[in-house]
Undergrad: 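I'd like to ask some things about the structure below.
The analysis underlying the following values was restricted to heavy atoms, covering all of them including side chains, and did not include hydrogens, waters or symmetry mates.
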Amino acid sequence: MLAQQDAHEAERNARLVKAVYVYEAPLRLWHWVNALAITVLAITGYFIGKPLPSIAGDTSAQYVMGWIRFLHFAAAYIFAIGFLGRIYWAIVGNHHARQIFILPIFNRNWWGEVLYELRWYLFLVKEPNKYVGHNPMAQLMMFLFFTVGAVYMILTGFALYGEGLGAGSWADQMFGWVIWVLGGNSLQVHNMHRLGMWVTLCFIIVHIYAAIREDIMSRQSLISTMVSGWRMFKD
């Protein structure tokens, strides 16, 4: 009898869980490789801007800054090639793969949903809207701080890389114009590239916070979705 009562109680308290396949495997792989690349870029980029103190001993046995620069450049290649791959997948993948590249800016309802999501994040409304892909606020922030930000960091980063390789190098020929467009001052481009790093890190902190918050408060999965590809709606 007691077991039957427990079963009835569990049935009353049960919540319906729905699953929708959202993010395809190539997109999920890109997400985590990209996250690792950004982590390496941020750490090594910081030390390139503020080098470590000199280490005692024969310099031929050290090469610390050389390795830091190598890791930075290697991660930059991975980041840039991955971004090109991400653009390709936005073309051939499902419509969720295109969300961070195309904004429905002429849709008044979409802007209304952006404002609603802002109120939700500010704890001004009690219930969130449910979305299969990115919600409108997340879509807008991803476009501004990742898509536009990635283009900015690639252009300024490879412009500085081309300067290091020397005049006439492939990077100088492809990206050297960026330095001149930004005033022709190499130090200024360095500072702008470094500022972009701090803006990106601030965005990542907010991005992680929002993902964890939504997982808990909105009753829909975010973090596990980027692992399995399935979005769970727990209602």
Side-chain angles (χ1 to χ4, degrees), residues 29-90 100-103 138-211:
L29 177 63
W30 165 82
H31 177 275
W32 295 112
V33 171
N34 191 65
L36 178 61
I38 291 175
T39 301
V40 174
L41 283 167
I43 295 173
T44 56
Y46 176 83
F47 287 118
I48 289 173
K50 289 186 176 296
L52 295 167
S54 299
I55 301 175
D58 194 306
T59 54
S60 63
Q62 307 300 335
Y63 201 63
V64 175
M65 288 305 302
W67 281 113
I68 289 176
R69 283 169 55 84
F70 169 77
L71 289 174
H72 190 78
F73 297 152
Y77 274 108
I78 293 173
F79 180 81
I81 294 172
F83 187 70
L84 293 177
R86 182 65 178 83
I87 294 174
Y88 168 77
W89 199 255
I100 67 171
F101 293 97
I102 302 175
L103 300 181
Q139 184 183 9
L140 178 62
M141 294 299 102
M142 285 294 292
F143 176 81
L144 293 176
F145 291 99
F146 177 76
T147 305
V148 176
V151 173
Y152 170 86
M153 294 300 285
I154 289 171
L155 290 178
T156 54
F158 275 93
L160 296 171
Y161 181 64
E163 186 180 49
L165 290 181
S169 64
W170 71 266
D172 178 63
Q173 292 179 2
M174 290 185 63
F175 300 98
W177 57 270
V178 175
I179 295 178
W180 296 107
V181 169
L182 296 178
N185 187 328
S186 176
L187 179 59
Q188 178 173 303
V189 179
H190 272 279
N191 291 334
M192 294 176 68
H193 188 68
R194 192 171 180 82
L195 177 62
M197 177 194 74
W198 288 114
V199 171
T200 301
L201 289 178
C202 290
F203 165 71
I204 290 173
I205 292 171
V206 174
H207 176 67
I208 294 173
Y209 160 74

Undergrad: Hey, mind stepping through Phe145 and Val199 against side-chain contact (heavy atoms from CB on, under 4.5 Å) and telling me if it holds?
TA: CA-CA 8 Å; Phe145 291 99; Val199 171; 4.0 Å; yes
Undergrad: Heavy-atom distance under 4.5 Å between the side chains of Tyr46 and Arg194, does that happen here?
TA: yes
Undergrad: Please report the interatomic distance CE(Met174) to OG(Ser169), rounded to the nearest 0.5 Å.
TA: 11.0 Å
Undergrad: Rounded to the nearest 0.5 Å, what separates atom CG in Leu165 from atom CD in Gln173?
TA: 11.0 Å
Undergrad: With a 4.5 Å cut-off on side-chain heavy atoms, are Asn185 and Val189 touching?
TA: no
Undergrad: Going by atom type alone, with no hydrogens or angles, which donor-acceptor pairs under 3.5 Å involve a side-chain atom of residues 153-161 and a protein atom two or more places apart or on another chain?
TA:
{"residue": "Thr156", "atom": "OG1", "partner": "Tyr152", "partner atom": "O", "Å": "2.8"}
{"residue": "Thr156", "atom": "OG1", "partner": "Met153", "partner atom": "O", "Å": "3.4"}
{"residue": "Thr156", "atom": "OG1", "partner": "His193", "partner atom": "ND1", "Å": "2.8"}
{"residue": "Tyr161", "atom": "OH", "partner": "Tyr77", "partner atom": "OH", "Å": "3.2"}

Undergrad: Minimum heavy-atom separation for Gly162 to Ala171, with atom names?
TA: CA-CB, 3.4 Å
Undergrad: Begin with the C-alpha distance, continue with both residues' side-chain angles, and end with the deciding distance and a verdict on side-chain contact (heavy atoms from CB on, under 4.5 Å) for His72 and Leu41.
TA: CA-CA 5 Å; His72 190 78; Leu41 283 167; 3.7 Å; yes
Undergrad: If you measure from CD1 on Ile48 to CE on Met65, what distance do you get to the nearest 0.5 Å?
TA: 6.0 Å
Undergrad: Mind checking whether Phe83 and Phe79 have parallel, tilted or perpendicular rings, split at 30° and 60°?
TA: parallel
Undergrad: Start with the C-alpha distance between Tyr63 and Phe70, add both sets of side-chain angles, then the distance that settles side-chain contact (heavy atoms from CB on, under 4.5 Å), and finish with yes or no.
TA: CA-CA 10 Å; Tyr63 201 63; Phe70 169 77; 5.9 Å; no
Undergrad: How long is the straight-line distance from CE of Met141 back to CZ of Phe143, given to the nearest 0.5 Å?
TA: 11.0 Å
Undergrad: Could you tell me whether the side chain of Glu163 and the main chain of Asp172 form a donor-acceptor pair under 3.5 Å?
TA: no
Undergrad: How long is the gap from CD1 on Ile179 to CG on Leu182, to the nearest 0.5 Å?
TA: 8.5 Å
Undergrad: Which distance, rounded to the nearest 0.5 Å, do you find between the CD1 of Ile100 and the OG1 of Thr147?
TA: 4.0 Å
Undergrad: Only one of Gln139, Met142, Arg86 clears side chain to side chain contact (heavy atoms under 4.5 Å, CB included) with Phe101; which?
TA: Arg86
Undergrad: If you count heavy atoms of other groups shown closer than 6.0 angstrom to CZ of Arg69, is the number above 12?
TA: no
Undergrad: Can you give the donor-acceptor pairs under 3.5 Å from side chains of residues 29-39 to other protein atoms, not counting sequence neighbours?
TA:
{"residue": "Trp30", "atom": "NE1", "partner": "Gly82", "partner atom": "O", "Å": "3.3"}
{"residue": "Trp32", "atom": "NE1", "partner": "Met226", "partner atom": "O", "Å": "2.9"}
{"residue": "Thr39", "atom": "OG1", "partner": "Ala35", "partner atom": "O", "Å": "2.9"}

Undergrad: Output, in order, the C-alpha distance, side-chain angles, deciding distance and verdict of side-chain contact (heavy atoms from CB on, under 4.5 Å) for Leu52 and Ile68.
TA: CA-CA 10 Å; Leu52 295 167; Ile68 289 176; 4.0 Å; yes
